[in-house]
Asks: 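A single structure is presented below for examination.
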Amino acid sequence: MDNAIQASVGHIHLKVADLDRAIQFYRDVLGFDLTQRYGDAAAFLGAGGYHHHIGLNTWDSAGATPPPKGHTGLYHAAFLYPDRKSLASVLKRVLDAGLSLDGAADHGVSEAVYLKDPDGNGIELYRDRAPNAWPRDSDGELAMVNEPLDVAALLKEAD
């Protein structure tokens with residue numbers, strides 16, 4: 001039985017405490033376009049002309065605090081950038097905004113940096129390597145790794 005499906009992730013929708021602060025992060029730091037706003041309650045942001053990849057709302061969360069550690073919820077949302085230079089540029093904007101990284105890794109298939117958004121949601125910013133460069137084991141199966149990423153070398157590629 002083939003369980004393969006034809007689907008992709010369309011968007012994430014996050015509860016946030018402060019809509020303007022969240023818009024500023026996703027638009028000005030990560031580089032998404034604000035496509036629509038519903039007053040002080042909700043906003044949608046997208047990339048490449050798409051209607052939205054990110055939904056933000058304060059319907060049940062205006063002024064709220066992030067959930068405490070040890071609870072279930074979103075681990076992180078991952079945003080794929082088209083190439084290493086684009087990843088380097090967004091990383092530079094993150095650091096220029098005074099934000100700190102939670103980590104950085106070379107997974108063999110991709111290079112990634114990790115941080116938190118203003119509401120404490122985990123964020124992964126990454127770029128994929130070409131599939132023919134992905135690490136494989138002796139049986140040809142994917143063999144991802146979790147090695148340190150040279151952040152300084154990556155930043156040298158930023159605009």
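Everything quoted here is computed from the prediction, not taken from an experiment.
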Asks: Sorted by first residue and then second, give each salt bridge (charged side-chain N to carboxylate O under 4.0 Å, His left out) pair with at least one member in residues 38-49; sequence neighbours left out.
Replies: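 Only R37-D40 qualify under salt bridge (charged side-chain N to carboxylate O under 4.0 Å, His left out).
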
Asks: Sequence neighbours left out, cut at 3.5 Å: what donor-acceptor pairs do the side chains of residues 142-158 make with other protein atoms?
Replies:
from : atom 1 : to   : atom 2 : distance (Å)
D150 : OD1    : A152 : N      : 3.3
D150 : OD1    : A153 : N      : 3.0
E157 : OE2    : R84  : NH1    : 2.4

Asks: Please report the C-alpha distance between T58 and V16 in whole Å, then the side-chain angles of each, then the deciding distance to 0.1 Å, and finally whether the side-chain contact (heavy atoms from CB on, under 4.5 Å) criterion is met.
Replies: CA-CA 5 Å; T58 58; V16 299; 3.8 Å; yes

Asks: With a 4.5 Å heavy-atom cut-off, do R127 and R129 have their side chains touching?
Replies: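 The answer is yes; the side chains approach within 4.5 Å.
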
Asks: Mind checking what makes side-chain hydrogen bond (donor to acceptor under 3.5 Å, both in side chains) contact with D96, not counting sequence neighbours?
Replies: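 For D96 the side-chain hydrogen bond (donor to acceptor under 3.5 Å, both in side chains) partners, ignoring immediate neighbours, are K92.
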
Asks: Where is the tightest heavy-atom contact between A17 and A64, given as atom of each residue plus distance?
Replies: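 Looks like CB-O, 3.2 Å.
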
Asks: Kindly compute the distance separating NZ (K15) from CG (L56), expressed to the nearest 0.5 Å.
Replies: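 K15 NZ to L56 CG: 13.5 Å, rounded to 0.5 Å.
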
Asks: Partners of D159 by side chain to side chain contact (heavy atoms under 4.5 Å, CB included), sequence neighbours excluded?
Replies: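 Partners of D159 under the side chain to side chain contact (heavy atoms under 4.5 Å, CB included) test: K85, S89.
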
Asks: Return yes if some donor-acceptor pair links the side-chain N/O of D137 with the main-chain N/O of D139 below 3.5 Å, else return no.
Replies: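 Yes; judged by distance alone, with no hydrogens or angles, the pair exists.
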
Asks: List the residues meeting side-chain hydrogen bond (donor to acceptor under 3.5 Å, both in side chains) with D102, not counting sequence neighbours, and say none if there are none.
Replies: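 Result, side-chain hydrogen bond (donor to acceptor under 3.5 Å, both in side chains) vs D102: K116.
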
Asks: Any heavy-atom pair between the side chains of H52 and L45 that's under 4.5 Å?
Replies: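 Answer no - side chains too far apart.
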
Asks: Sequence neighbours left out, cut at 3.5 Å: what donor-acceptor pairs do the side chains of residues 25-33 make with other protein atoms?
Replies:
from : atom 1 : to   : atom 2 : distance (Å)
Y26  : OH     : D117 : OD2    : 2.6

Asks: If the condition is side-chain hydrogen bond (donor to acceptor under 3.5 Å, both in side chains), which residues does H51 pass it with, not counting sequence neighbours?
Replies: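 Listed in chain order: nothing, the list is empty.
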
Asks: Between V90 and L34, is there shared hydrophobic-cluster membership here, with clusters defined by ILVMFWY side-chain heavy atoms closer than 4.5 Å?
Replies: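 Both belong to a single hydrophobic cluster.
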
Asks: Under the criterion ring-ring contact (aromatic ring centres under 6.0 Å, His included), I'd like the reasoning laid out for H11 against H53: C-alpha separation, chi angles, the key distance, then a yes or no.
Replies: CA-CA 4 Å; H11 70 272; H53 291 98; 9.0 Å; no

Asks: With sequence neighbours excluded, give me every ring pair (Phe, Tyr, Trp, His ring centres under 6.0 Å) pair touching residues 88-139.
Replies: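 Listed once each, the pairs are H76-Y114.
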
Asks: Got a sec, which residues hit side-chain hydrogen bond (donor to acceptor under 3.5 Å, both in side chains) with D119, two or more places apart in sequence or on another chain?
Replies: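 In terms of side-chain hydrogen bond (donor to acceptor under 3.5 Å, both in side chains), with neighbours along the sequence ignored, D119 is linked to R21.
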
Asks: Under the side-chain contact (heavy atoms from CB on, under 4.5 Å) rule, what do R93 and L99 come out as? Steps first, then yes or no, please.
Replies: CA-CA 9 Å; R93 286 197 309 271; L99 301 168; over 6 Å; no

Asks: Scan residues 54-64 for pairs that pass salt bridge (charged side-chain N to carboxylate O under 4.0 Å, His left out), counting only residues two or more places apart or in two chains.
Replies: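 Salt bridge (charged side-chain N to carboxylate O under 4.0 Å, His left out) check on residues 54-64 returns no pairs.
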
Asks: Can you tell if the side chain of S100 reaches within under 4.5 Å of the side chain of L115, non-hydrogen atoms only?
Replies: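 Side-chain contact under 4.5 Å: no.
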
Asks: Could you tell me if the side chain of L74 sits less than 4.5 Å from the side chain of I12, heavy atoms only?
Replies: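 No - every pair of side-chain heavy atoms lies 4.5 Å or more apart.
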
Asks: With clusters built from Ile, Leu, Val, Met, Phe, Trp and Tyr whose side-chain heavy atoms come within less than 4.5 Å, directly or transitively, what are the remaining members of the cluster of F44, listed by chain and number?
Replies: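 Y38, listed by chain and number.
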
Asks: Which residue pairs pass the side chain to side chain donor-acceptor pair (under 3.5 Å) test when at least one of the two sits in residues 61-75, sequence neighbours left out?
Replies: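 Matches after skipping sequence neighbours: none remain.
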
Asks: Do V94 and L101 touch side chain to side chain, with heavy atoms closer than 4.5 Å?
Replies: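 Answer yes - side chains close enough.
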
Asks: Between L125 and L91, is there a side-chain heavy-atom distance shorter than 4.5 Å?
Replies: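 No, their side chains stay 4.5 Å or more apart.
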
